[in-house]
Amino acid sequence: LYGCGADQILELEMILPDGQHVKFGPTKWEEKEGFEYPQTTMVEGKCNANIHHDESEWEWVECQDGKPFVDVTFEDLWFALRGGGGGTWGVVLSSIHQLHELIPQFKLRVDPVEPNEDVLTNTCTKLEGNPDCPAYKEMMSYMWMDFIIDLLWNEENEIGVDEELRVRCGFTGPALGNPLTTLNGYNALNCHGHGIQEKFQEAWRTSVSNSKYILDGYGEEEICAIQNRIFMEGGSYDRWHKDNLVFDPGVSHSPSGKYADTDGPQGAYSDPLGIWPGAMIPASLLATKSDVVFELLPFLSGHTLPYSPQNDGMTPFAPVYHSGGLQTYIAPFKSLATAAATGSYDLQNPCVWSEAFISEMEQEVGDRQAWILSHLGYDGGDFPGYNEYNHIFMSYGGVLKSDPTKPCPLASTREEKKTLCLSIQETVWGTANFRRLTAIKNKIDPNNVFDVHFGIGNDERAGPITDYCAKPTDPTAPPLTGPDFSELRASETLVLSQECHTDDTPSDPADGAGKTASSDGKLQHAVAYSVSLFVAIVVVFLVS
């Protein structure tokens, strides 16, 4: 079992690998400071003494010694099944879940891609002499990223965000998607709760008012127009689900009106991002708003999570799973963008990459891994675990045992990886949880009947990168296009806007002409470079 439901289970019924039929669940809890849910302190269960096709014939009795196995307790099974890897522990027949009140859900987004307000169009055009308004878009990009950090991860924010608002917003997509690109569907959050949209907009307005990224030449009227750039869609789960449906069959291989899907497992390397690890980025690291954070955020725009310690204290997930802010790739974006811009390598064919290029990418990924491990307080003991399976491809090899800040060499063979590198499982669950999960697996399924690729009990490793050379593409196959948001956009409404008033003597936008950044902290970061980098990566990704 996995996902949010893993934290909402009250009882499980399953068949174990040896054929035992058991059911079990928590029976004692205690409140613990810092956790939203009570912490489980005892799990008890029963065994079916009369396995029969007729459920009315079942006899639920105490298991021998109160345990399903001599050396395995029901606490062990509870620990393993809720996050220890699907398909690994037996067959779950039924589950009882904690239900919650169904409350409205909305998608709320700031749309800075086109300054649709006349006042913004006029101002940015006069300031920049360019109707595309690149400086305006850069400004909005950083204002949005700064806002998201305060909204989701910064407990000491100054925009009025409280715990109730923080834990009610997140996004399954990359909410920090750079609004300077055409991927304008991705700078959004899903929020649920009565009145949540008003709280969201008030926080956005305050963030804009306080922003250090406002460019010279933007006065009260322009700031007010920016504050009114909140769009909303949804209000019900039926409406929200349409966001995940395919309107144009050309977007994916799914029929129109069905959820998007792909061709399934690929036999060859197909994505220059996919050979690198996925990671949970700690919310507290993002809240630092360091230069590195703003440099990487346009690229770390994975699944966006609010910080909320929602677990029952008996879970195999690495701690960062419950304190993470982003679920994303750790990829060598700079190296890939440079190669894409210069055309020096065919990024779809790793067999033509030079040793120097591979080494350059490994070094960049190592720097990012060291950044995360340092923040997690890693001191050379048990590896804490921070990788996640959603972004792990078959060509990923783990990290070096001798120096976990460095990725497992792309050129290493399967056997070399077993000697040199921590397994993918160890990088996901952490070495301490991995040992406990492995001990449970060995006792309840010694013959590894339930063998899952890259799961507990599985010893498969990725081959060298040259095993994943590009396969020939079908020249007759129609290209896949980006998602069509037009129907969704047509259903959007602006959250109630405030009326914008101006002074009797507004400033002349021309007075600030040519100012795209100033030395007092506005847009201090390398915006232009990061934007071009992101665009290059998007191009590579879409082409792949």
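Residue numbers start at 1 and run along the sequence shown. Everything numeric in this text was worked out from a predicted model, so none of it was measured.
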**Message:** Could you tell me if the side chain of D162 sits less than 4.5 Å from the side chain of K199, heavy atoms only?
**Reply:** yes
**Asked** In Å and rounded to the nearest 0.5 Å, what is the CD to NZ distance from Q39 to K32?
**Response** 6.0 Å
**Item:** Test item: L286 and I281 side chains (from C-beta on) under 4.5 Å apart, heavy atoms
**Value:** yes
**Message:** Would you say the ring centers of Y389 and W429 fall short of 6.0 Å from each other?
**Reply:** yes
**Request:** Could you tell me which non-hydrogen atom of T41 sits nearest to which non-hydrogen atom of E75, and how far apart they are?
**Result:** O-OE2, 4.4 Å
**Asked** Rounded to the nearest 0.5 Å, what separation is found between the OG1 atom of T315 and the NE2 atom of H322?
**Response** 4.0 Å
**Side chain proximity check, Q425 to L437, heavy atoms < 4.5 angstrom** = no
**Prompt:** Can you check whether T123 reaches E221 side chain to side chain, under 4.5 Å on heavy atoms?
**Reply:** no
**Request:** Only counting residues at least two apart or in another chain, list the ones meeting side-chain contact (heavy atoms from CB on, under 4.5 Å) with T431.
**Result:** D382, F383, L422, E426, R435
**Item:** Any side-chain heavy-atom pair of I159 and W204 under 4.5 Å
**Value:** no
**Request:** Of all the heavy-atom pairs spanning L152 and C169, show the shortest one and how long it is.
**Result:** CD2-O, 3.6 Å
**Asked** How about E158 and T206: do any of their side-chain heavy atoms sit closer than 4.5 Å?
**Response** no
**Request:** Using modelled atom types only, decide if a donor and an acceptor are shared between the side chain of T338 and the backbone of K334 within a distance under 3.5 Å.
**Result:** yes
**Request:** Run the numbers on W78 and I9 for side chain to side chain contact (heavy atoms under 4.5 Å, CB included), then give the verdict.
**Result:** CA-CA 10 Å; W78 189 250; I9 296 172; 3.8 Å; yes
**Request:** Step by step, work out the side chain to side chain contact (heavy atoms under 4.5 Å, CB included) result for Y136 and L127.
**Result:** CA-CA 9 Å; Y136 163 83; L127 284 172; over 6 Å; no
**Item:** Side-chain (T427) to main-chain (I424) donor-acceptor, under 3.5 angstrom
**Value:** yes
**Prompt:** Looking at side-chain heavy atoms only, is the closest gap between L189 and L151 below 4.5 Å?
**Reply:** yes
**Request:** Given side chain to side chain contact (heavy atoms under 4.5 Å, CB included), test R368 with W276 step by step and report yes or no.
**Result:** CA-CA 11 Å; R368 299 286 77 83; W276 306 105; over 6 Å; no
**Message:** Which heavy atom of S211 sits nearest to which heavy atom of M143, and what is that distance?
**Reply:** OG-CG, 3.5 Å
**Request:** Would you give the length of the straight line joining atom CD of Q98 to atom CD of E11, rounded to the nearest 0.5 angstrom?
**Result:** 13.5 Å
**Request:** Please list all pairs passing the salt bridge (charged side-chain N to carboxylate O under 4.0 Å, His left out) test where one or both residues lie in residues 311-331, with sequence neighbours left out.
**Result:** R82-D312
**Prompt:** Under 4.5 Å between any side-chain heavy atoms of R205 and N228, yes or no?
**Reply:** yes
**Request:** Using ring-ring contact (aromatic ring centres under 6.0 Å, His included) as the criterion, list what pairs up with F200, not counting sequence neighbours.
**Result:** F147
**Item:** For A318 against N433, the heavy-atom pair lying closest together
**Value:** N-ND2, 4.2 Å
**Message:** List the residues meeting side-chain hydrogen bond (donor to acceptor under 3.5 Å, both in side chains) with H100, not counting sequence neighbours, and say none if there are none.
**Reply:** Q8
**Request:** Could you pull out the closest heavy-atom pair between E388 and T328, with the gap in Å?
**Result:** OE2-O, 3.4 Å
**Item:** Chi angles and distances behind the side chain to side chain contact (heavy atoms under 4.5 Å, CB included) call for I103, I196
**Value:** CA-CA 11 Å; I103 57 179; I196 204 72; over 6 Å; no
**Message:** Within this structure, what is the CG-CG distance for the pair L336 and L347, rounded to the nearest 0.5 Å?
**Reply:** 6.0 Å
**Item:** Partners passing side-chain contact (heavy atoms from CB on, under 4.5 Å) against E31 (at least two apart in sequence or in another chain)
**Value:** P38
**Asked** Using the ring of each side chain (for Trp, its six-membered ring), is F294 parallel, tilted or perpendicular to Y213, with breaks at 30° and 60°?
**Response** tilted
**Complete:** By side-chain hydrogen bond (donor to acceptor under 3.5 Å, both in side chains), E364 pairs with (sequence neighbours left out) S335
**Message:** Side chains of Y321 and N311 only: does a donor on one sit below 3.5 Å from an acceptor on the other?
**Reply:** no
**Item:** Considering all heavy atoms, the nearest Q369-P404 contact
**Value:** NE2-O, 3.4 Å
**Request:** Could you tell me which residues satisfy side-chain contact (heavy atoms from CB on, under 4.5 Å) with P384, sequence neighbours excluded, listed by chain and number?
**Result:** L373, L376, Y378
**Message:** Q363: which residues meet the side-chain contact (heavy atoms from CB on, under 4.5 Å) condition with it, sequence neighbours left out?
**Reply:** D367
**Set of residues satisfying side-chain hydrogen bond (donor to acceptor under 3.5 Å, both in side chains) with respect to S209, sequence neighbours excluded** = Q227
**Distance in Å, W29 CH2 paired with M314 CE, rounded so as to fall on 0.5 Å steps** = 11.0 Å
**Asked** Measuring from N130:CG to T125:OG1, what's the distance to the nearest 0.5 Å?
**Response** 8.0 Å
**Test side-chain hydrogen bond (donor to acceptor under 3.5 Å, both in side chains) applied to T288 - qualifying residues, sequence neighbours left out** = none
